[in-house]
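What follows is a set of notes on a single structure, which appears directly below.
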Amino acid sequence: MLIARAEKEITDFLAGFCGKRIGFVPTMGALHEGHLSLIEQSRAQCDITVCSIFINPTQFTNASDLEKYPVTTQEDIEKLQAAHCDLLFLPSTEVIYPNGFAIKEPYLLGTLENVLEGAFRPGHFQGVAQVVDRLLQIVRPTCLLMGEKDWQQTRVINKMLLGHTTYPTPTLVIGPTIRAASGLAKSSRNLRIPAELLPDAAALYHSLQQINSRIHEENPKDLIEAAKHQLLAAGFEKVEYIAVVEADTLEEKENFYEGDRLRILGAAWYFGIRLIDNISVTI
Ligand code: PAF
């Protein structure tokens, strides 16, 4: 696996694969099975697989969250080598933001950036769009692979790609959420929860499943309220939101019709860590 830090190293390497399918998995490191499954999916669909590790300052609304973000670069390199990734892009902040952090014009993300995660992390999705846009300008992949666990992020990037023309638009491929046996979604932030408490953190996932199992019979508002109470009783410190939404627009839904594509999303704090999860619902 080649490790590249400069933009030119990436473009020189990829110039040798003209006409080949390039799969790209952007990450912030602290790699887990979710990331590795995206690498595997890229290898199955593409000729060359590129992964980036860059902890993007512009998507953190809280400076201490950025400081505490886990950094495990050596282990990440070993995992990527074992997964047969072809190229790791490890850029510095100067390579990604040569002209500073300011965005010339905000990305047109519509309501997607203000609801759910966006309501609790103002500016977060502008930062995500900014860094993914910049990475795509450099890597110019055929396929962009992202995890279903960050569902709202996939919708935001989908919207950004629809409005974009400065590089060939990659196909957005969404890989399934990978879960521990307890049901807890794999996440880099889980590294900050003591191992013995990890199974209990799966209560967020179970609460979403419970809503899903009763959504045909009961009012979603009541189900959501009950789920919030259960999580607090199970030791969660705070539930920021649980919502049943249309899968693409993320509009909250109370009435459903056959064929509707819905998602249930939630964010809650456990052991001082903010966890998010989501599942799909088929009506
Ligand atoms: O999902 C993440 O790890 C990040 O938001 C991403 C897409 C790598 C952008 O920094």
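Read the numbers this way: they start at 1 and go in the same order the structure lists the ligands and their atoms. Side chains are part of it too, since the values below use all heavy atoms of this structure and drop only hydrogens, waters and symmetry mates.
Leu87 approaches Ala4 most closely through the heavy-atom pair CD1-CB, 4.0 Å.
Between Arg134 and Glu7 there is a salt bridge, with a side-chain nitrogen of the basic residue lying less than 4.0 Å from a carboxylate oxygen of the acidic one. Salt bridge absent: Arg261 and Glu246 never bring a charged side-chain N and a carboxylate O closer than 4.0 Å.
With respect to Asn56, the side-chain contact (heavy atoms from CB on, under 4.5 Å) criterion is satisfied by exactly one of Thr93, Leu135, Leu66, Val131: Val131.
Judged by the 6.0 Å and 45° rule, Arg179 forms a cation-pi pair with Tyr205.
The salt bridge (charged side-chain N to carboxylate O under 4.0 Å, His left out) analysis of residues 233-243, with sequence neighbours excluded, yields the pairs Glu240-Arg274.
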Contacts table for ligand 1: protein N or O within a distance under 3.5 Å of ligand N or O, distances only.
{"residue": "ligand 1", "atom": "1 (O)", "partner": "Gln153", "partner atom": "NE2", "Å": "2.8"}
{"residue": "ligand 1", "atom": "5 (O)", "partner": "Gln59", "partner atom": "NE2", "Å": "2.9"}
{"residue": "ligand 1", "atom": "5 (O)", "partner": "Gln153", "partner atom": "OE1", "Å": "2.7"}
{"residue": "ligand 1", "atom": "10 (O)", "partner": "Gln59", "partner atom": "OE1", "Å": "2.6"}

